[in-house]
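Right, one structure below, let's go through it.
Ligands are counted one by one from 1 in listed order, and the atoms in each one are counted from 1 as well.
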Amino acid sequence: MTYIDTYKHKGLRRKMIERLKARGINDNRILQVMDEIPRHVFLQEDAVPEHVYEDKAFPIWAGQTISHPYTVAFQTLLLNPQKGEKVLEIGTGCGYQTAILAKLGAKVYSIERQRELNEKAKYHLSLFNLSARLVYGDGFKGLPAHAPYQKILVTCGAPYLPEELINQLDINGLMVIPIGEKEQIMTVIIKNADGSIVKEEVGKFSFVPMLQEKQDINQKIFFKKT
Ligand code: SAH
């Protein structure tokens, strides 16, 4: 298994990195891994390279999107993952953010509710020999079997702060979560030793929604109709 990364791709990626720097991404570790991991490999084969490396969200499979390069860089900067830390990601998508976290040396667990994307992401990570545990499931429930996590990163727009994720966050752990329905407020949460949390809001973003289990969605529709 292999992938194609041409001089053209590399040049476009360099420019992407320069734009990220200009927008305040100042962590060289993050800039380096985003330069090393070719974003286009995570997208459909016919995706136009010039578009892939622009600061845009991009359609992937199952009606979902890959996050903007800036959003990925900014969330990673806030999360500040360290080597060996256990990180739980909610919303694997095509696995681009997952690959960035794994390449930074974190022990990554990532949950995705679309089976097709869970499988695509597994394939993408295998291309780079990166290991991460990719789970098909519901992010609202987290992954209690491997808790606690030092860091939790939510990459879809959460309607509220899911209690289960707070429960699975380690003491002194940090969570980055965009909260809101139409647009989201990027929120950083730290869990104190007594279990209480501190919240900081750091700007507006736009994510695809974090959806409840399919069963729940059907139930909601059913109740609305009656
Ligand atoms: N981390 C990805 C972001 C993909 S978009 C990247 O690097 O680009 C967000 C993803 O969250 C979508 O694939 C969507 O299917 C997924 N998602 C939405 N609700 C979810 C839930 N309840 N549990 C797990 N994944 C969810």
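Closest heavy-atom contact between H51 and F58: CB-CE1, 3.6 Å.
As a member of the Ile/Leu/Val/Met/Phe/Trp/Tyr network built from side-chain separations under 4.5 Å, I90 groups with L88, Y109, I111, V135, F140, L143, Y149, I152, V154, Y160, L161, L165, I166, L169, M175, I177, I179, I189, I197, M210.
Using a cutoff of 4.0 Å between basic side-chain nitrogens and carboxylate oxygens, R14 and E18 are scored as salt-bridged.
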Contact table, ligand 1 N/O with protein N/O, distance under 3.5 Å:
from	atom 1	to	atom 2	distance (Å)
ligand 1	1 (N)	E89	OE2	2.9
ligand 1	1 (N)	G91	O	2.9
ligand 1	1 (N)	T155	OG1	3.1
ligand 1	7 (O)	Q97	N	3.0
ligand 1	8 (O)	S67	N	2.9
ligand 1	13 (O)	E112	OE1	2.8
ligand 1	13 (O)	E112	OE2	3.4
ligand 1	15 (O)	E112	OE2	2.6
ligand 1	19 (N)	L211	N	2.9
ligand 1	22 (N)	D138	OD1	3.2
ligand 1	22 (N)	L211	O	2.7
ligand 1	23 (N)	G139	N	2.8
ligand 1	25 (N)	R113	N	3.4

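Taking the ring axis of Y70 as reference, the NZ or CZ atom of R19 does not stay both within 45° of it and closer than 6.0 Å to the ring centre.
Take N172 and apply the side-chain contact (heavy atoms from CB on, under 4.5 Å) test, not counting sequence neighbours, and it matches no residue.
Residue pairs meeting the salt bridge (charged side-chain N to carboxylate O under 4.0 Å, His left out) criterion with at least one partner in residues 81-103, sequence neighbours excluded, are E36-K103, E85-K151.
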